Undergrad: 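Mind looking over this structure? Questions follow.
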Number of protein chains: 2
Amino acid sequence: MAIRKDGKNSFARTTLADVARESGFSPSTISIVLNEAPISKYVAATTKEHIRAVAKRMDYRPDAFGRSLRKRRSHTIGVMIFDISDPFCTLILQGIEKSLHPTEFLPFIVDAHNRREQFERYMAMLLEYRVEGLIVVANWLFIDIETLSELERHRVPTVLVGSEMRSGPLGSVLVNNEQGGYLALQHLYSLGHRKIAFIRGPRQLWDSSRRWDGVLRFAAEVGLKMPKKWVVELTGSSESNSSFDEGRSLTSTMLQRDPGFTALLAFDDLTAFGVVRALRNFGRRVPEDCSVVGFDDVPHAALFNPSLSTVRQPMERMGSIAVGRILKEIQQDGEVEQEKGRVDLLPPELIQRESTAAIAQKGKLLPKNTRKH
Amino acid sequence: MAIRKDGKNSFARTTLADVARESGFSPSTISIVLNEAPISKYVAATTKEHIRAVAKRMDYRPDAFGRSLRKRRSHTIGVMIFDISDPFCTLILQGIEKSLHPTEFLPFIVDAHNRREQFERYMAMLLEYRVEGLIVVANWLFIDIETLSELERHRVPTVLVGSEMRSGPLGSVLVNNEQGGYLALQHLYSLGHRKIAFIRGPRQLWDSSRRWDGVLRFAAEVGLKMPKKWVVELTGSSESNSSFDEGRSLTSTMLQRDPGFTALLAFDDLTAFGVVRALRNFGRRVPEDCSVVGFDDVPHAALFNPSLSTVRQPMERMGSIAVGRILKEIQQDGEVEQEKGRVDLLPPELIQRESTAAIAQKGKLLPKNTRKH
DNA sequence: CTTTCTTGTTGAATCATTTGAAAAACGATG
DNA sequence: CATCGTTTTTCAAATGATTCAACAAGAAAG
């Protein structure tokens, strides 16, 4: 359909040459005018006007490929995520988008679905598209360190968000997990809880250990006992709702073992949701019979019943800080090496909601509690 | 750093010419071999091997810009979303990604943040990048019809997911909202509820009306009365959690007006979460005192307390069907016009969970409700 | 009258790749 | 020895835009 006699598809896009022909000026002039290049100050005002009018009338749009090829710039920042359905990563994405918006850069988002093979394929893709920077949103990261270090090889400024490499040249932006763990336990402790159960994160996850370090530090400071029967650990499959299911089953196990705890500290919000479900099924009310605290503050934490007390990660800010660092690296073109491996640790914030409450004064747990707040 | 005497950055990417020089063959041959073009069957096997080896050794990656410019194909499908933090849209995205994965196409995702200005900017961007197809995920769509119809002008095959245009040339893939509304009310009715409150969707939203049509159809069939005092409507701001907040405040209003309803049908899941919150604050238990049904089945609906009964939209499938249609249109290159404006209506599915229950036999709320079903 | 300066515009090269046409190389055929 | 048919490889053009050096025209200066 719609092929003209001259062989050209009549719907073919308008090119610079078309505008040139139509306006009577050369392609060079058109380009200079439309890009408002420095030399354009020598172009006659009438010419400028005329060219702009013609370009608009013909609905001219510069071709990204031609342009990028010539300028050797793509004006894109690659954003690699591992699971778009994770709300944690969603908010970071929003932070990234928002701070990229006023710039000349465009995010190129790809989702590896937690699959190594896809990670690699998309990675190659991003390099072919010559992204000028790369942000890796590592929500739940089991890709080996090795694979990530390889990123450096490509000489593309890279920042890791939400996770940290034990060693290695990659810069990262993340919450201070150690402090977060500390805050969470401190919160429960200050509400009077002494019999506290714990669901740690998966051992393979580095953040998980840091968070646990914070918990241990507070426990040591106040001399809290942490009996083994009340400390369990997620296995960390990469399935979507696995931490909910695991939170639930681990809690059930602990309840059957010894239901005497009055509070539970969960690795993250999704786990905490599972915990609440298990407690309810066991006939425990939250927070009256057992307080629960999560980690992350995903958007749904506030909507949940009961709304979840949790340690907030400033996710949107993490995204925008990552963008800031990438832009800086791009501008400085690798001059300031010392910036590269830097780790930005942002402070977490304890958000108190309904799922935690002071322990019953005279309440024995099992009997009924008749207090006010 | 690392600029060689010849002025070239030593980290510059390897080009086809580099491989040609290194291997002793011409760029043409390299291209033919690496792309396994038809003529490559005439290339000597030893040559092929040699070229592949050199390319691999030099870590050659074809440049997407050079290639796309020459081939006049981008191998990308634009995906326009309006709010990435909406879980509804997240699942559709996953469906899209998954079905695009085995193809030669790559999704180019942009998020307009519900802002018209950004929508237009990103739209222009996608056209500059010559996307070969476009999927618009219209979760919560207040962009005028006009703007969307304009898409057609660009001769890019376009499919709308999750919404439908009253009229216009754009094809779409969405759930049968009318049937969904019908199912939701039928569910509550079959549980014995007769005093039912309703929170409609915003009037500007076309889907909202269709859903409501289904509700009315069922009500008419069984002769259910729907007093005005128990029918309210969302205003539909584009804020992130607005439907939660609105669901909550509208429910509070209705409860104060007349708390006699035993069930509530909400426009969507997020609204339903707000409803549950309001009921709890009012001292009503869900589902014992009031059943609540949502719409969508977002991932968190199952994790919520109580887990939410709802009408499921097959979101992942919607995404993959959209991809299927786009790919077909691309291949047929506009030959089969009749496909274009087609509307795929997928069947919704009622998911019964904890938030709905049969009405109490010896009912408390208002005096007697002593029937069976 | 030549030179210089300013203003306004353009030609040609360049970016990395693909591709149809053409050119080698080579043995075989008449 | 010219001609032909294969097989193997390369030339050169094309894709769409940007940019630098250069050119043209007119005015001003020497």
Side-chain angles (χ1 to χ4, degrees), chain A residues 6-9 12-51 54-55 58-75 104 127-130 132, chain B residues 6-9 12-51 54-55 58-75 104 127-130 132:
Chain A
D6 60 8
K8 289 209 171 181
N9 186 324
R13 45 168 48 241
T14 323
T15 74
L16 201 58
D18 295 332
V19 181
R21 210 175 309 115
E22 187 78 8
S23 68
F25 288 92
S26 76
S28 321
T29 310
I30 315 291
S31 171
I32 288 163
V33 169
L34 295 182
N35 290 309
E36 304 184 44
I39 6 169
S40 75
K41 70 161 177 259
Y42 292 120
V43 177
T46 54
T47 309
K48 282 190 194 165
E49 240 174 272
H50 179 220
I51 288 180
V54 173
M58 300 180 74
D59 193 28
Y60 168 70
R61 296 168 196 283
D63 180 288
F65 295 108
R67 162 182 285 177
S68 291
L69 183 58
R70 172 64 229 240
K71 306 226 302 189
R72 286 117 136 242
R73 294 199 54 183
S74 67
H75 290 281
E104 54 184 348
L127 290 172
E128 284 177 14
Y129 270 84
R130 292 205 188 192
E132 299 185 38
Chain B
D6 59 8
K8 291 208 172 186
N9 185 324
R13 49 172 40 241
T14 327
T15 74
L16 203 57
D18 296 332
V19 181
R21 210 175 309 115
E22 186 79 8
S23 67
F25 288 91
S26 77
S28 321
T29 310
I30 315 292
S31 171
I32 288 162
V33 169
L34 295 182
N35 290 308
E36 305 185 43
I39 7 170
S40 76
K41 70 162 176 256
Y42 292 120
V43 177
T46 54
T47 309
K48 283 189 193 166
E49 240 173 274
H50 180 221
I51 288 179
V54 173
M58 300 180 75
D59 194 26
Y60 168 70
R61 296 168 195 282
D63 180 287
F65 295 107
R67 161 180 286 177
S68 292
L69 182 58
R70 173 62 230 237
K71 306 225 305 186
R72 284 174 291 169
R73 294 201 52 186
S74 66
H75 290 281
E104 54 185 346
L127 291 172
E128 285 177 15
Y129 270 86
R130 292 208 188 189
E132 300 184 39

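Values in this document were obtained by computation on a predicted structure and should not be read as measured data. In what follows, chains are A, B, ... by sequence order, proteins preceding strands, each numbered from 1.
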Undergrad: Between the base of dT17(C) and the side chain of S68(B), is there a donor and acceptor pair under 3.5 angstrom?
TA: no

Undergrad: Take the angle between the ring planes of Y129(A) and F65(B) and call it parallel below 30°, perpendicular above 60°, tilted in between.
TA: perpendicular

Undergrad: May I have the distance from L16(A) (atom CG) to dA14(D) (atom P), rounded to whole angstrom?
TA: 18 Å

Undergrad: Under 4.0 Å between a side-chain N or O of Y42(A) and OP1 or OP2 of dA25(D)?
TA: no

Undergrad: Quick one: does R73(A)'s side chain have a donor or acceptor within less than 3.5 Å of a partner on E132(A)'s backbone?
TA: no

Undergrad: Whether N35(B) contacts dT18(C) is assessed here as follows: a side-chain N or O lying under 4.0 Å from the phosphate OP1 or OP2. Is that the case?
TA: yes

Undergrad: Base, sugar-phosphate alone, or nothing: which one does F25(A) contact when heavy atoms must sit under 4.0 Å apart?
TA: sugar-phosphate

Undergrad: Please give, in whole Å, the distance from dA22(C) C1' to I39(B) CD1?
TA: 12 Å

Undergrad: Return yes if some donor-acceptor pair links the side-chain N/O of S74(A) with the main-chain N/O of R130(A) below 3.5 Å, else return no.
TA: yes

Undergrad: Separation of F65(B) atom CZ from dA17(D) atom P, in whole Å?
TA: 14 Å

Undergrad: So, does R67(A) get its side chain near the phosphate of dC15(C), meaning an N or O under 4.0 Å from OP1 or OP2?
TA: no

Undergrad: Quick check on dT10(D): is either OP1 or OP2 less than 4.0 Å from any side-chain nitrogen or oxygen of S26(B)?
TA: yes

Undergrad: Is there a side-chain contact (heavy atoms from CB on, under 4.5 Å) between R67(A) and D63(A)? Walk through the geometry before answering.
TA: CA-CA 6 Å; R67(A) 162 182 285 177; D63(A) 180 288; over 6 Å; no

Undergrad: Would you say Y60(B) places a side-chain N or O within less than 4.0 Å of OP1 or OP2 belonging to dA16(C)?
TA: no

Undergrad: Quick one: D18(B) CG to dC15(C) P, roughly how many Å, whole number?
TA: 11 Å

Undergrad: May I ask you to check whether S26(A) and T29(A) show a side-chain donor-acceptor distance below 3.5 Å?
TA: yes

Undergrad: Can you tell me how far apart CG (D18(B)) and CG (D59(B)) are? Round to the nearest 0.5 Å.
TA: 12.0 Å

Undergrad: Tell me the interatomic distance from K41(B), atom NZ, to dT9(D), atom C1', rounded to whole angstroms.
TA: 16 Å

Undergrad: By nearest nucleotide on DNA chain D, pick out whichever of K71(B) and P27(B) is the more 5' one.
TA: P27(B)

Undergrad: Return the value, rounded to whole Å, for the distance between atom NE2 of H75(A) and atom C1' of dT18(D).
TA: 11 Å

Undergrad: Is the distance from OP1 or OP2 of dG16(D) to the nearest side-chain N or O of T15(A) less than 4.0 Å?
TA: no

Undergrad: Side chain of R70(A), heavy atoms from C-beta onward: which of dT14(C), dA16(C), dT10(D) has the nearest atom to it?
TA: dT14(C)

Undergrad: Return whichever of I32(B) or P62(A) has its heavy-atom-nearest nucleotide of DNA chain D closer to the 5' end.
TA: I32(B)

Undergrad: Given atom CG of L69(B) and atom P of dT18(D), what is their separation to the nearest angstrom?
TA: 12 Å

Undergrad: Within this structure, what is the CZ-to-P distance between R72(A) and dC15(C), rounded to whole angstrom?
TA: 6 Å

Undergrad: Mind checking R73(B) for me? I need base, sugar-phosphate or nothing, with any heavy atom below 4.0 Å counting as a touch.
TA: nothing

Undergrad: Looking at dT18(D), dT10(C), dT10(D), which one has an atom nearest to any side-chain atom of S28(B)?
TA: dT10(D)

